[in-house]
K.L.:
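The structure is given below, and queries will be raised subsequently.
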Amino acid sequence: RPHRMNPQDPLSQLRDIHLPETGGLWPPAPGWWVLAILLIAVLAALVWLFIRRRQRNRWFRSARAELARLERSAATTPAWFTQLNTLLKQAARERYPEQHPEALTGDAWVEFLLKTAPKDRVASRPVAEALVHSAWRPEVSTKPADALAFARLWLGGQKC
């Protein structure tokens, strides 16, 4: 027999059980939004750091290319040693701008090179002195290969 609503019976006023509708995939829950924002922020920071590091080390790649060019044109002339010193001063200016190494000459420049060299400072002294002094003396006092080896060693220790 059909159930009729009885205004006196509160149970008769209840509706049948209805299951809630499924949420679906869109819009995502707040936790997914937070995760997406964090992921985007981390990726943006990594890209920014990569670009910044690459720009900061551009001088290093340029110096290595110039060193390779000097290696191909190696000569026992003061002019060649002047070019090698110029390259090292440009690299030093990029790496140590607060110390103004481009203004250093003679023994002060030798001391700067040795102070900022990565290793074997004592063993490198004769080559560094010859590299610097051969740029302005009429007689070259070292082989270009030794000067290039010191320059490669010095540049290798300068990368950020």
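Since this is a predicted model, take the numbers as computed values, not measurements.
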K.L.:
Could you state the interatomic distance from CG (Leu67) to CG (Leu148), rounded to the nearest 0.5 Å?
P.N.:
5.5 Å
K.L.:
Does atom CG (Leu43) have a neighbourhood of more than 12 heavy atoms from anything else shown, all under 6.0 Å?
P.N.:
yes
K.L.:
Can you name the salt bridge (charged side-chain N to carboxylate O under 4.0 Å, His left out) partners of Glu129, sequence neighbours left out?
P.N.:
Arg125
K.L.:
Rounded to the nearest 0.5 Å, what's the gap from CZ on Arg95 to OG1 on Thr116? Could you check?
P.N.:
9.5 Å
K.L.:
Pick from Val140, Asp107, Thr142: which one makes a side chain to side chain contact (heavy atoms under 4.5 Å, CB included) with His133?
P.N.:
Asp107
K.L.:
What residues form a salt bridge (charged side-chain N to carboxylate O under 4.0 Å, His left out) with Arg61, not counting sequence neighbours?
P.N.:
none
K.L.:
Ala128: what forms a side chain to side chain contact (heavy atoms under 4.5 Å, CB included) with it, not counting sequence neighbours?
P.N.:
Val110, Leu114, Phe150
K.L.:
Of all the heavy-atom pairs spanning Ala91 and Trp59, show the shortest one and how long it is.
P.N.:
CB-CZ3, 3.7 Å
K.L.:
Please name all residues satisfying side chain to side chain contact (heavy atoms under 4.5 Å, CB included) with Gln55, sequence neighbours left out, ordered by chain then number.
P.N.:
Ile51, Arg58
K.L.:
So which pairs with a foot in residues 132-155 pass salt bridge (charged side-chain N to carboxylate O under 4.0 Å, His left out), sequence neighbours left out?
P.N.:
Glu71-Arg152
K.L.:
For Ser62, check side chain to side chain contact (heavy atoms under 4.5 Å, CB included) against everything at least two apart and list the hits.
P.N.:
none
K.L.:
With sequence neighbours excluded, tell me which residues meet side chain to side chain donor-acceptor pair (under 3.5 Å) with Ser141.
P.N.:
Ser134
K.L.:
Using side-chain contact (heavy atoms from CB on, under 4.5 Å), reason through Trp80 and Leu84 one step at a time and then give a plain yes or no.
P.N.:
CA-CA 6 Å; Trp80 184 85; Leu84 185 57; 3.9 Å; yes
K.L.:
Who pairs with Trp26 by side chain to side chain contact (heavy atoms under 4.5 Å, CB included), at least two apart in sequence or on another chain?
P.N.:
Pro28, Trp33
K.L.:
For the residue pair Trp154 and Tyr96, categorise the inter-ring angle as parallel (less than 30°), tilted (30 to 60°) or perpendicular (more than 60°).
P.N.:
tilted
K.L.:
The criterion is salt bridge (charged side-chain N to carboxylate O under 4.0 Å, His left out); which residues satisfy it with Glu102, sequence neighbours excluded?
P.N.:
none
K.L.:
Which heavy-atom pair separates Leu113 from Val132 by the least distance, and what is that distance?
P.N.:
CD1-CG2, 4.0 Å
K.L.:
Members other than Leu35 in its cluster, when Ile, Leu, Val, Met, Phe, Trp, Tyr link by side-chain heavy atoms under 4.5 Å?
P.N.:
Trp32
K.L.:
With sequence neighbours left out, write down each residue that passes side chain to side chain donor-acceptor pair (under 3.5 Å) with Glu66, or none if nothing qualifies.
P.N.:
Arg69
K.L.:
Clusters formed by hydrophobic residues whose side-chain heavy atoms approach within less than 4.5 Å: which one holds Trp48, and what are its other members?
P.N.:
Leu49
K.L.:
Using 30° and 60° as the class limits, which term best fits the ring planes of Trp109 and Phe112: parallel, tilted or perpendicular?
P.N.:
parallel
K.L.:
Which pair of heavy atoms, one from Thr82 and one from Ala135, lies closest together, and at what distance?
P.N.:
OG1-O, 3.2 Å
K.L.:
Which atom pair, heavy atoms only, marks the closest approach of Phe81 to Ala75?
P.N.:
CE1-O, 4.0 Å
K.L.:
Output the distance between atom CG (Leu104) and atom CZ (Arg93), rounded to the nearest 0.5 Å.
P.N.:
12.5 Å
